[in-house]
Amino acid sequence: MIGGKGNRLGGTTKQYRMLCGKPLWVWSFDLAKNLVSMNEVDEVIVVAPTEDVDLLRQKLACYSWVKVVSGGKTRHDSVVSGLKAAKGDYVFVHDGARPFADLAMCLRLKEEAILSGAAVPVLEVVDALKKQEGEILVTVPRENFLLAQTPQVYPRDLLLKVMEEASNKVRDESEVWSQAGFPVGLVKGNVQNMKVTFLEDWELAKMIGNYHQCVERCGVGYDIHPLEPGRPLVLGGVKIPSALGSVGHSDGDALCHAISDAILGACGEPDIGLLFPASDAKYKGANSLTLLKEVVSRVQEKGWQVLWVDSVIILQYPRLAPFINEIKRSLGKVLCDQRGNGIVNVKAKSAEHIDSAGSGMAVHCHAVAMLRRISD
């Protein structure tokens, strides 16, 4: 139901406020779409303010299973209007001001309604419960007190009957259902399934919404470079004193290359071999730390944020422990959070005289990157 005005929130009508890129009511509609796609519900009734019905019908015309109807002056009237438009044996009754109801809870409610006749999601009262009597606060035992949420599930015909017989002062459907003497099954609600009523609710909803909208992915990177005498050994943008240096079209910085590939992999981008090909003369001898900076800029332009990078250098000679902090500081100039703190870790391992790294013929680097993006 999105038929209310949301006057207590102020400003734009509540259900049409943009919450993390989409109107508040659309969050609940998207949940309904998921239920339809899973064949858990057959139809969706959108109860809207009378003046918005035609516009919403146009917007939702592509969904054959949607019907938009006018609400009333009260919640009671809007629910009755929606129930009359529905055809199913059972109905979910949901408040469009609760954007974070989840699919799992809906499935539990449906199962419980079939067993008990009706189902309501509830939360236990965990704060100290008080009652104001004049200037005195009286503590009320919180045992047996519950907070009811939506959606709630009922047999449609019977709920319509008890709603039509009830007064207009209805807080939720479980009130008239219980007053009529019908039992209801209780399902554990979700603390995130909050109702947006006041401005402080809206601010909290924005924080929760950003969490719901975010996508986090992990990428893996690996690089190996042969070592030869007389060449510089560069790792993480730091030149390491060594008789052996890495061979490569750029400066041969295997650590920067591995980290770059890990970051690119996390967001589905091509590897650095395709982005900065050895066939392109402009990358001959290129500073790999600069290339890493370009990689970070590339993924940031696509909305990704690098959260953390962990890496391992496998090298027999020279011993890298004295240079690790310097390498981390160098990388941290490129890989840092909004406060400028480095978000990269570097470890060095001896190859224990095994394989190409152990014989001093190559340097191996592995990296893992965690990225986050707020989805559209």
Side-chain angles (χ1 to χ4, degrees), residues 18-23 26-27 30 203-225 234-239 248-313 324-347 365-376:
M18 298 300 289
L19 177 61
C20 301
K22 56 186 179 182
V26 173
W27 287 76
D30 285 347
E203 295 302 317
L204 179 58
K206 287 193 291 186
M207 289 189 285
I208 298 175
N210 282 330
Y211 170 78
H212 278 260
Q213 289 285 77
C214 81
V215 177
E216 291 186 351
R217 290 184 185 167
C218 184
V220 177
Y222 168 76
D223 198 24
I224 178 174
H225 279 273
V234 182
L235 292 168
V238 176
K239 189 173 181 179
H249 184 66
S250 63
D251 59 6
D253 189 335
L255 181 58
C256 279
H257 298 168
I259 292 174
S260 295
D261 271 353
I263 292 171
L264 291 165
C267 52
E269 290 289 299
D271 62 52
I272 57 171
L274 294 175
L275 294 181
F276 313 116
S279 58
D280 193 331
K282 72 179 180 180
Y283 297 119
K284 184 173 177 60
N287 184 322
S288 295
L289 197 62
T290 300
L291 300 183
L292 174 60
K293 188 174 183 179
E294 289 187 33
V295 165
V296 173
S297 296
R298 181 185 181 92
V299 300
Q300 286 177 341
E301 288 173 0
K302 294 181 180 292
W304 292 95
Q305 174 191 4
V306 182
L307 300 179
W308 184 251
V309 173
D310 191 23
S311 60
V312 181
I313 307 167
I324 291 298
N325 287 336
E326 185 179 357
I327 293 172
K328 289 169 67 174
R329 283 193 296 270
S330 173
L331 292 168
K333 295 176 182 178
V334 177
L335 301 168
C336 57
D337 59 21
Q338 294 179 343
R339 297 181 180 179
N341 299 317
I343 51 173
V344 59
N345 188 42
V346 179
K347 306 183 293 293
C365 290
H366 301 261
V368 176
M370 178 66 73
L371 275 68
R372 172 187 294 158
R373 183 185 68 184
I374 302 300
S375 63
D376 298 331

Using side-chain heavy atoms (C-beta onward) and a distance below 4.5 Å, is [X] in contact with [Y]?
| X | Y | result |
| --- | --- | --- |
| Cys20 | His212 | no |
| Cys365 | His257 | no |
| Val234 | Asn287 | no |
| Val26 | Asp30 | yes |
| Val299 | Arg373 | no |
| Leu331 | Leu255 | yes |
| Asp253 | Leu292 | no |
| Ile343 | Leu307 | no |

Using 0.5 Å steps for rounding, measure from the [atom1] atom of [X] to the [atom2] atom of [Y].
| X | Y | atom1 | atom2 | answer |
| --- | --- | --- | --- | --- |
| Glu326 | Leu235 | CD | CG | 11.0 Å |
| Ile259 | Leu289 | CD1 | CG | 9.0 Å |
| Leu19 | Asn210 | CG | CG | 8.0 Å |
| His366 | Asp310 | NE2 | CG | 12.0 Å |
| Asp223 | Ile313 | CG | CD1 | 12.0 Å |
| Leu275 | Glu269 | CG | CD | 7.0 Å |

Provide the closest heavy-atom pair for [X] versus [Y] in the form atom of the first, atom of the second, distance.
| X | Y | result |
| --- | --- | --- |
| Arg298 | Leu264 | CD-CD2, 4.3 Å |
| Trp308 | Asn345 | CZ2-CB, 3.6 Å |
| Ala367 | Ala262 | O-CB, 3.7 Å |
| Cys256 | Gly236 | SG-CA, 3.8 Å |
| Ala266 | Trp304 | O-CH2, 4.3 Å |
| Ala369 | Val309 | CB-CG2, 4.0 Å |

Task: Over 12 non-hydrogen atoms of neighbours within 6.0 angstrom of NZ in Lys284 - done: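 12 or below, so no.
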Task: Crowding at NZ, Lys293 (>12 non-hydrogen neighbours, <6.0 Å) - done: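 No, not enclosed.
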Open item on the list: Which label fits Tyr283 and Phe276: parallel for a plane angle under 30°, tilted from 30 to 60°, or perpendicular past 60°?
Closed with: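 Tyr283 and Phe276: perpendicular rings.
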- [ ] Go through the steps to decide whether Leu335 and Val296 satisfy the test side-chain contact (heavy atoms from CB on, under 4.5 Å), and finish with yes or no.
- [x] CA-CA 8 Å; Leu335 301 168; Val296 173; 3.8 Å; yes
Task: Check ion pair Lys206-Glu203 (N to O, under 4.0 angstrom) - done: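 Here Lys206 pairs with Glu203 in a salt bridge, since their nearest N and O are under 4.0 Å apart.
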TODO: Ignoring hydrogens and angles, tell me if any N or O in the side chain of Ser311 forms a donor-acceptor pair with the backbone of Val368 under 3.5 Å.
DONE: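 No.
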Task: Under 3.5 Å donor-acceptor, Asp261 side chain and Asp271 backbone - done: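 Pair absent, no side-chain N/O of Asp261 close to backbone of Asp271.
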Open item on the list: Using side-chain contact (heavy atoms from CB on, under 4.5 Å), reason through Gln305 and Asp337 one step at a time and then give a plain yes or no.
Closed with: CA-CA 9 Å; Gln305 174 191 4; Asp337 59 21; 5.9 Å; no
